[in-house]
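Computation of the quantities below employed the complete heavy-atom set of this structure, encompassing side-chain atoms and omitting hydrogens, waters and symmetry-equivalent molecules. In this text the structure is predicted, and so the values were computed from the model without any measurement.
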Amino acid sequence: QVQLVESGGGLVQAGGSLRLSCAASGRTFSNYVMAWFRQAPGKEREFVAAITKTSTSTTYADSVKGRFTISRDNAKNTVFLQMNSLKPEDTALYYCAANEIYFSGFRVHYNYWGQGTQVTVSS
C-alpha cells in the first residue's frame, strides 16, 4: 500500500497561484496513477487532474484546463498541482489520490487517498 500526505494549501487572493504537493510513502511510487480531486462545502468530491505512471499523459477537468498543471517526480515520490489564475470557485479541500490500474477521473477507481489540504481563494 501507499500513504499520501498533501501540503501547500493556504489562503490566496483571486488571480494568485499555489503549488500543492503530495508525498507518497513506499518504494513503488511509479506503479501508481496519481490524481487530484477537490471537495467544496455542500458539494460532491470532483475530479481535478490525473497523470499516468511515467508522465506520458495528463487529463484535466474542463473547469481547470489552462490554469492548473499536474506533474510528478518519481525520484522524489511526489506529485504536484500547480494552480494559477485562481478563482473563488476553486476554494475547496484538495485531495491526492492513487491507484495501480486506471488512468481515470472517476472517484471509484482510486483506492488510496490523502487527508486533504485546504485551498481558499478570496475575492
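- Applying the salt bridge (charged side-chain N to carboxylate O under 4.0 Å, His left out) rule to Arg19 yields no partners; only residues at least two apart in sequence or on another chain are considered.
- As a member of the Ile/Leu/Val/Met/Phe/Trp/Tyr network built from side-chain separations under 4.5 Å, Phe80 groups with nothing else and remains a singleton.
- Considering only heavy atoms from C-beta on, Gln118 comes within 4.5 Å of Thr91 through its side chain.
- Within the model, atoms CG of Asn99 and CG of Asn31 stand 11.5 Å from one another, a figure rounded to the nearest 0.5 Å.
- Taking Glu89 as the reference, nothing meets the salt bridge (charged side-chain N to carboxylate O under 4.0 Å, His left out) condition, with sequence neighbours excluded.
- Using a 4.0 Å cut-off between a side-chain N of Lys or Arg and a carboxylate O of Asp or Glu, Arg107 and Glu44 qualify as a salt bridge.
- Between Phe47 and Ala35, the closest heavy-atom pair is CE1-CB, 4.5 Å.
- A distance of 8.0 Å separates NZ of Lys53 from OG of Ser30, quoted to the nearest 0.5 Å.
- Grouped by direct or indirect side-chain proximity (heavy atoms under 4.5 Å, Ile/Leu/Val/Met/Phe/Trp/Tyr only), Val12 sits with Val2, Leu4, Leu18, Leu20, Phe29, Tyr32, Met34, Trp36, Val48, Ile51, Tyr60, Val64, Phe68, Ile70, Val79, Leu81, Met83, Leu86, Tyr94, Tyr112, Val119, Val121.
- For Ala14 against Ser123, the heavy-atom pair with the smallest separation is CB-CA, 4.4 Å.
- Remark: Arg67 engages Asp90 in a salt bridge (charged side-chain N to carboxylate O under 4.0 Å, His left out) (not counting sequence neighbours).
- For the atom pair SG (Cys96) and CZ (Phe37), the distance works out to 10.5 Å, reported to the nearest 0.5 Å.
- Residue Tyr102 belongs to a hydrophobic cluster whose other members are Ile101, with links defined by side-chain heavy atoms closer than 4.5 Å.
- Between the side chains of Asn84 and Ser17, at least one donor N or O lies within less than 3.5 Å of an accepting N or O.
- There is a side-chain donor-acceptor pair under 3.5 Å between Gln115 and Glu6.
- At a threshold of 4.5 Å between non-hydrogen side-chain atoms, the residues Tyr95 and Thr117 do not count as touching.
- Between Arg38 and Arg45, every side-chain heavy-atom pair lies at or beyond the 4.5 Å cut-off.
- In this structure, the side chain of Ser63 does not engage the main chain of Ala61 through any donor-acceptor pair within 3.5 Å.
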